[in-house]
Every structure is written in C-alpha cells, then in structure tokens.
Amino acid sequence: MAPLPAGIMPDFRDTLPDLLKENYGKWVWHEPLAPGVYRHLTAEGVECITVRVQLPPGGLLSAETLRLFSGWIREYAQAGRYTSRQGFELVGVIPGRLTALLSEIRDHGFAVGGTGRSLHQLKGCNGYIHCQNAAVDPPSVMKVLGDVLYDDLTAGRYPAPLKISVSGCPNQCGGAVEADIGISGVYLDPPEVDDRRLAASSPDYGLLCRLCPRAAVRVRSRPSGKSIIIRAERCIRCASCVMVAPEGIAMGSRRGVAIRVGGRGPDGSSPPRFGQVAVPYLPAEPPDYAAVVAKVRAIVALWQARARPGERIAGYVDRVGWDEFLRQIGVGAGGT
C-alpha cells in the first residue's frame with residue numbers, strides 16, 4: 001500500500017491486523033452464515049468472519065463493557081469496530097471458535113443479529129442524556145421499540161432489511177430522515193422568548209438572525225432593552241436560536257414525534273433518499289410510548305405482509321403509491 005500524505009491524524013492502516021492488511025482492497029463478496037454472522041471472501045478464497053453484536057440504544061458503552069468486548073477480540077477475533085448504526089462488530093473471528101464466541105456473547109445478554117432481512121440495530125441520538133434541543137428522549141423510544149420487535153433482530157423473516165432511527169428533534173442528529181422508518185421529535189410551538197432575560201444575557205443578535213435557516217428571527221426594541229420576535233409561520237422549530245441564547249429563549253412544552261417512512265441509502269440501482277412524513281404528529285408519552293409503538297407496528301406489519309421479496313419500504317411505497325400507502329396505515333392523504 002502506498003503511504004498516505006504526512007499529517008496530524010494517525011494512519012489508520014497501522015491499526016489493521018495482518019488478515020485485513022494483507023487483503024486490503026481484495027474482498028469481492030460477502031455472504032451470511034447465520035443472523036449476525038457474515039463471511040467475507042477474496043477472489044483467492046481468503047475468508048474473514050464477522051459477528052455483529054446489538055448494543056443498547058444510543059450505543060453508549062461503559063468502561064466495563066469495553067473491556068468485555070476487548071477480551072472477546074483478544075480471545076476470538078482480530079479486530080473490533082463500532083458500526084455506523086451504533087452496533088459493534090468483531091472482525092476476523094477464528095472459525096473454530098465461532099460457536100464459543102456466540103455462546104459467550106448471548107450469555108452476557110447481548111443479541112447477535114441485525115443483518116440481512118431482519119431488524120437492524122436501532123439507531124438514534126442521545127437526546128436528554130446530553131442535548132439541550134431534544135423534544136423527546138430517543139434512547140427510551142428505541143428501548144421500547146427494541147423490546148417489542150426484539151425477536152425480529154435474529155429471525156430474518158422480513159422482505160428486506162428494516163432500519164429504524166430516532167432523532168430527538170428536527171435537527172436529525174439521529175438520522176431519522178434516512179431510515180426505512182424514522183421517528184423525529186417535534187415541537188408544536190415556536191420557541192418562547194423571555195425579553196428581560198434575553199436582554200440581560202446580551203446575546204449576539206446578528207448571529208441569532210443569521211443562524212435561523214428560515215429568516216424567522218427579527219430584532220426589535222423593548223422597554224427592557226433589545227429583544228427578538230420569532231415569526232411562527234416561518235419557524236421550523238430547529239432550536240438554532242436557543243443554542244445562541246439559551247438564557248432567554250426556550251423551546252415550547254408541547255412536544256411529540258413525527259414518523260417518516262421510505263428513507264434509505266443507495267442500493268446499487270437507486271440513489272439515496274429521505275423518508276417522507278407519513279404522520280406529522282403523535283404524542284410520545286413514556287414509559288410505553290403506546291401511540292408510537294402502535295403506528296410503527298402497523299407500518300411494519302403492512303410491509304411484512306404485502307411487500308415483495310427484497311422490497312424495502314421505499315420500494316413498496318413507490319409501487320402502491322403514497323396516498324394508498326397512507327390509507328393502508330390508517331392515515332389521511334397528505335399525512336394528516
């Protein structure tokens with residue numbers, strides 16, 4: 001392999017085990033051996049077995065869990081990686097030790113699965129854990145959905161892969177816009193402005209106006225000092241203004257979720273696309289999130305019963321038409 005230009009970042013290739021380094025760029029195929037287990041092959045027949053472990057919602061790991069995974073890598077595999085969907089893969093598993101590894105993973109309470117025609121790792125942002133913009137709590141929403149659909153992580157009984165993502169607010173850090181089913185926290189009302197506290201905090205009013213993607217923020221003078229007005233008809237509830245001036249601006253208390261369907265990445269014949277809003281608003285009431293769970297289960301059941309083999313939700317929607325799909329899931333035309 002040719003050397004990369006010198007720079008600040010370490011060369012990632014220095015961390016590769018010999019199996020991956022010697023076959024870099026030579027992989028031509030991969031095939032499932034079991035739910036959560038893949039074999040990658042080169043043209044010369046060299047194989048690399050990968051095991052995908054489903055992590056808790058949000059993907060936060062304690063030092064104890066990281067040590068556990070490190071021990072599995074040392075004993076059973078050659079490398080490990082955190083996936084883009086917040087799962088974990090053990091790479092280069094020793095073929096003769098695969099059964100023992102799978103048994104140990106399950107004995108510690110983790111599921112092996114999330115590949116092929118199954119439910120994949122639920123992905124989302126961490127919401128209330130460390131974000132001031134969240135309208136709902138994505139990890140708890142994912143926990144409830146994961147419990148309801150848990151058996152589908154390993155069953156492989158769907159028409160195609162199913163990816164569900166949850167974003168805590170309209171900013172979409174959780175990737176809800178690109179999932180088969182995307183759940184996004186939404187605010188029903190524009191941000192609330194406390195004129196006195198805002199003036200006392202002396203924010204950068206120019207920055208407040210510039211950061212608003214819809215030009216909904218206007219500066220105005222008040223007896224208590226300079227303040228702002230937010231034009232509700234233009235506001236998309238993105239919380240950008242709150243990030244600039246949290247002392248004087250707060251998001252409204254009326255909150256819930258919207259559900260999108262039909263997002264996906266490129267599939268070789270079609271470009272990636274964002275999901276469309278099927279349900280503009282549902283209450284998101286913990287601990288069981290009953291309304292959200294019921295609608296997600298209805299969408300999954302419909303797709304599972306009527307989609308063709310290999311047809312993602314986006315393909316099914318395209319085939320039957322958007323308005324017909326909304327009718328089938330009990331939503332009025334236009335997502336109302």
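Environment of CZ in Arg231: crowded, with over 12 heavy atoms of neighbouring residues, nucleotides or ligands closer than 6.0 Å. Around CZ of Arg319, the count of heavy atoms belonging to other residues, nucleotides or ligands within 6.0 Å exceeds 12. Heavy atoms from other residues, nucleotides or ligands lying under 6.0 Å from CD of Glu64 number 12 at most. Shown here is Arg67, whose CZ atom has no more than 12 heavy atoms of other residues, nucleotides or ligands within 6.0 Å.
Distance alone, capped at 3.5 Å, places no donor-acceptor pair between the Thr50 side chain and the Val91 backbone.
Salt bridge absent: Glu247 and Arg197 never bring a charged side-chain N and a carboxylate O closer than 4.0 Å. Salt-bridge check for Arg327 with Asp323: failed, with every basic side-chain N at 4.0 Å or more from each acidic carboxylate O. By the 4.0 Å N-to-carboxylate-O rule, Glu178 lies too far from Lys163 to be salt-bridged with it.
The hydrophobic cluster containing Leu66 also includes Leu33, Val37, Ile49, Val51, Val53, Leu55, Leu61, Leu68, Phe69, Trp72, Ile73, Tyr76, Tyr82, Phe88, Leu90, Val93, Leu98, Leu101, Leu102, Ile105, Phe110, Val112, under a criterion of side-chain heavy atoms closer than 4.5 Å among ILVMFWY residues, counted directly or through chains of members.
For Arg106, the salt bridge (Lys or Arg N to Asp or Glu O under 4.0 Å) test picks out no residue, with sequence neighbours left out. Arg312 pairs by the side-chain hydrogen bond (donor to acceptor under 3.5 Å, both in side chains) definition with Asp180, not counting sequence neighbours.
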Could you walk me through whether Tyr316 and Gln328 satisfy the side chain to side chain contact (heavy atoms under 4.5 Å, CB included) test, starting with their C-alpha distance in whole Å, then the side-chain angles of each, then the deciding distance to 0.1 Å, before giving a yes or no?
CA-CA 12 Å; Tyr316 177 73; Gln328 291 175 356; 2.6 Å; yes
Checking side chain to side chain contact (heavy atoms under 4.5 Å, CB included) for the pair Leu208/Val219: CA distance, chi angles, key distance, verdict?
CA-CA 9 Å; Leu208 267 173; Val219 180; over 6 Å; no
Check the pair Val296, Val148 against side chain to side chain contact (heavy atoms under 4.5 Å, CB included), reporting the backbone distance first and the verdict last.
CA-CA 10 Å; Val296 170; Val148 170; over 6 Å; no
Apply the test side chain to side chain contact (heavy atoms under 4.5 Å, CB included) to residues Ser165 and Arg85: give CA-CA distance (whole Å), side-chain angles for both, the deciding distance (0.1 Å), then the verdict.
CA-CA 9 Å; Ser165 298; Arg85 289 201 61 81; 3.3 Å; yes
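A continuous path of Ile, Leu, Val, Met, Phe, Trp and Tyr side chains, each step under 4.5 Å between heavy atoms, connects Val331 with Ile259, placing both in one hydrophobic cluster.
Between Asp195 and Arg220, some side-chain heavy-atom pair lies under the 4.5 Å cut-off.
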